[in-house]
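Each remark here refers to the structure printed beneath this line.
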Amino acid sequence: MTRRLAVVGSGIAGLYAALLATDAGADVVLLTKGALDQSNTWYAQGGISAVLAEPAPGDTVDAHIADTLRAGAGHCNEAAVRLMCTEARRDIAGLQRYGVAFDGGQAGEGTAGSTHDAGGPALGLEAAHSAPRILHAGGDATGARVAGALIQAVLSRRDAGKLTILTHTLVTALVARDGQVAGVRYLQDGRPAQLDADAVLLATGGAGQLFSQTTNPAVATADGLALAVRAGAAVADLEFFQFHPTCLVSSATAHPARLDGPLLISEAVRGEGAVLLDSGGRRFMQAYHPDAELAPRDVVSRSIALHLAKLGDPTGHVYLDARGLERARGKGFLHQRFPTLTRKTLDAGIDWTRELVPVAPAAHYWMGGVTTDLNARTSVPGLYAAGEVACTGVQGANRLASNSLLEGLVFGRRAVEDFLLGTPAWGSPDGATDGLDITRGSRLSSFGGDGGLDTAFSRDALRRLMTSHAGVLRSGELLAEAASTLDRWAAVVRPDLEGAADPVACEDRNLLLAAQLLVSAALNRTESLGAHYRSDEPVETAHLSSHRPKASLLHD
Ligand SMILES: Cc1cc2nc3c(=O)[nH]c(=O)nc-3n(C[C@H](O)[C@H](O)[C@H](O)COP(=O)(O)OP(=O)(O)OC[C@H]3O[C@@H](n4cnc5c(N)ncnc54)[C@H](O)[C@@H]3O)c2cc1C
């Protein structure tokens, strides 16, 4: 009998896995909570890293592995990194078979610094990569181009009766039978239903909505992590959340609704000479780092957060002042140098040639997730996870730019290959080194910290709490306070109960559980590492910045 795979999520990991499994003859049901194009994947800009030949001109798989390990701050699972970098070219070819066209280096399409072989894709260079190896599509529209092609491919298979797609379908729980995951429960148009399956692949993406400012779209609410934890799965590395230093704060603009998603303001704008000002119009970065606005980007993120905290406005924003560039470089410079940013800031109601741009650090990518082995198996039989929801260990404590789309591809495919073998005996994931097994919530209630905030639970209150207490800047005191408030909310919101027919309440419970787990992990790690920064560690920011490896967020 044909075995059924339920794939949850329509980002790169879910779409690619669904296509591979369908083409291999499996009975595939793809469930996604919004439209097919609602995903983090859609917004990816920079591209996908891959070494396309071994050796490639000026590059090797070993160099890609070394760059990834360095960015991960010594915290990566080396076997997983080796496998991902080695198998990358296979899945790039897989994407091309499904209709993804990468830029070929022709005028107007490539990013600056691209190289290409005759007839091959253009390869961009990003900071922290030691060679040009970033494939891109539509210039900086890589995610939309990749997802767009994969969506066309799944729709054509759906039309041919080979694949079932359920959109606007929120998966609310995993079904367990005889100690094995055997399907999902979901809400569609407010009605609960159940789907039986031989295995489930979680490809539900990240959790940027945990924080007030995020580059992630609204669907990134940590659902997959919460579903897996409630099913008893181990999770790991949850303290590592990467923040982008300067994201437009759309709520502080005249026309937030006119933006089609979060807007990253590239470091290149500061590179050209734009400066950061606080709400009093004062430049503040020189007080935090000798390189001021050009300090490494995690230092810029931390300095902004520190300055806002000092001003008593930890969830507030600062301003990017690019006005001087027009004065110094001539009228029309900003439009010519940054056409997309000029258009998008104008859409939001800001003429940045003469007005300030409100910006703040924004939650961007979660390195941690559901612990998986090299075949994307979680610790629960019948449950796979791939993409941002998973923790294979390839991202370590800090992700190298353009490695996350690649991770979704490689491990999404490996999940399918494992499933097609017939799900033989299911041991513990090889990668489950520091897996945190929190299934019943009791361990979450054990933190002291009586400071707690008195606010009642709401998603907005949770996001503000996480930003001020567990975001870019962390300390034992702040984290204990956050833990205590989250525990108090959890007693009321009951994250362990399955939601009724209210999708928003389901997401709230998921965010709350994920927040508890993140704060618990951050409390446990008392030293700073990668993207996890403890301000109560007795070292200077400047000292840290010169010793800790950095990941690039330049285009990504
Ligand atoms: C602005 C931005 C730029 C980026 N640029 C790059 C880049 O250049 N290169 C790079 O490698 N990475 C980049 N990243 C990171 C990368 O985009 C993501 O890590 C990656 O796309 C995650 O893919 P995924 O398939 O795991 O999840 P996603 O693409 O997030 O997809 C998750 C899917 O699961 C669905 N879902 C979630 N919960 C449920 C539920 N309960 N029920 C049903 N469906 C559910 C969602 O609706 C969504 O369809 C960027 C991220 C952002 C936000």
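Ligands are counted one by one from 1 in listed order, and the atoms in each one are counted from 1 as well.
Residue R399 touches ligand 1 through its side chain alone, judged by heavy-atom distances below 4.0 Å. By the criterion of a heavy-atom distance under 4.0 Å, the backbone of T169, and not its side chain, is placed next to ligand 1. Using a 4.0 Å cut-off between heavy atoms, E388 contacts ligand 1 through both its backbone and its side chain. With a 4.0 Å heavy-atom cut-off, ligand 1 is reached by the backbone of A203 but not by any atom from C-beta on. Residue-level proximity to ligand 1 for N403 is carried by the backbone, the only part with a heavy atom below 4.0 angstrom. Contacts of D223 with ligand 1, taken as heavy-atom pairs under 4.0 Å, involve the side chain alone. Counting heavy atoms closer than 4.0 Å to ligand 1, residue W42 contributes nothing at all.
Distances from ligand 1 to the non-hydrogen atoms of P262 include no value under 4.0 Å. Ligand 1 has no atom lying under 4.0 Å from any heavy atom of T142. The closest approach between a heavy atom of H364 and any atom of ligand 1 is below 4.0 Å.
Between I12 and ligand 1, at least one pair of N/O atoms sits closer than 3.5 Å. Taking any N or O of T32, backbone or side chain, at least one lies under 3.5 Å from an N or O belonging to ligand 1. Polar contact check, L406 against ligand 1: no nitrogen or oxygen pair lies under 3.5 Å apart. Note: an N/O pair closer than 3.5 Å links T41 and ligand 1 by distance alone. The shortest N/O to N/O separation between G387 and ligand 1 does not fall below 3.5 Å. An N or O contact shorter than 3.5 Å is missing between V8 and ligand 1 by distance. For V389, no nitrogen or oxygen atom sits less than 3.5 Å from a nitrogen or oxygen atom of ligand 1, counting backbone and side chain alike.
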Decide yes or no on side chain to side chain donor-acceptor pair (under 3.5 Å) for T142 and H136, but give the supporting numbers first.
-> CA-CA 5 Å; T142 304; H136 43 89; 5.6 Å; no
Give the intermediate values and the outcome of salt bridge (Lys or Arg N to Asp or Glu O under 4.0 Å) for residues E87 and R413.
-> CA-CA 10 Å; E87 296 191 348; R413 179 205 11 107; 2.8 Å; yes
Check the pair T169 / Q188 against side chain to side chain donor-acceptor pair (under 3.5 Å), numbers first and verdict last.
-> CA-CA 5 Å; T169 298; Q188 196 181 35; 3.1 Å; yes
From CA spacing to verdict: side chain to side chain donor-acceptor pair (under 3.5 Å), N403, H64 = CA-CA 10 Å; N403 265 356; H64 190 187; 3.0 Å; yes
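In summary, D62 and R82 engage in a salt bridge, as defined by a charged side-chain N under 4.0 Å from a carboxylate O.
For ligand 1, the atoms lying closer than 4.0 Å to a non-hydrogen atom of N216 are 53 (C). Annotation for ligand 1: atoms under 4.0 Å from non-hydrogen atoms of L170 are 41 (N), 42 (N). Within ligand 1, the atoms closer than 4.0 Å to a non-hydrogen atom of Y365 are 19 (O), numbered from 1 in the order shown. Ligand-side atoms of ligand 1 in range of G11: 25 (O), 28 (P), 29 (O), 31 (O), 33 (C), 49 (O), range being under 4.0 angstrom from any heavy atom. In summary, the atoms of ligand 1 found under 4.0 Å from a heavy atom of A13, numbered by their order in the structure, are 25 (O).
Side chain to side chain, Q242 and N398 meet the donor-acceptor criterion of an N or O pair below 3.5 Å. Side-chain polar atoms of R157 and T22 form no donor-acceptor pair below 3.5 angstrom.
Every salt bridge (charged side-chain N to carboxylate O under 4.0 Å, His left out) that D67 has, sequence neighbours left out, goes to R70, R133. Listed by chain and number, the residues in a salt bridge (charged side-chain N to carboxylate O under 4.0 Å, His left out) with D260 are K344 (sequence neighbours excluded).
Side-chain contact between N216 and Y43 is absent, with no heavy atoms from C-beta onward closer than 4.5 Å. Contact check for T204 versus V171: no side-chain heavy atoms found under the 4.5 Å cut-off. The shortest side-chain heavy-atom distance between P245 and V472 does not fall under the 4.5 Å cut-off.
Evaluated by nearest non-hydrogen atom to atom 9 (N) of ligand 1, the leading choice among A385, S404, G47, A390 is G47. Here atom 53 (C) of ligand 1 lies nearest to T215 when heavy atoms of T215, I134, T221, V7 are compared.
Annotation for Q96: atom CD counts as buried by contact number, over 12 foreign heavy atoms lying within 6.0 Å.
The backbone N or O of T467 lies less than 3.5 Å from no partner atom in the side chain of S212, so there is not a single donor-acceptor pair.
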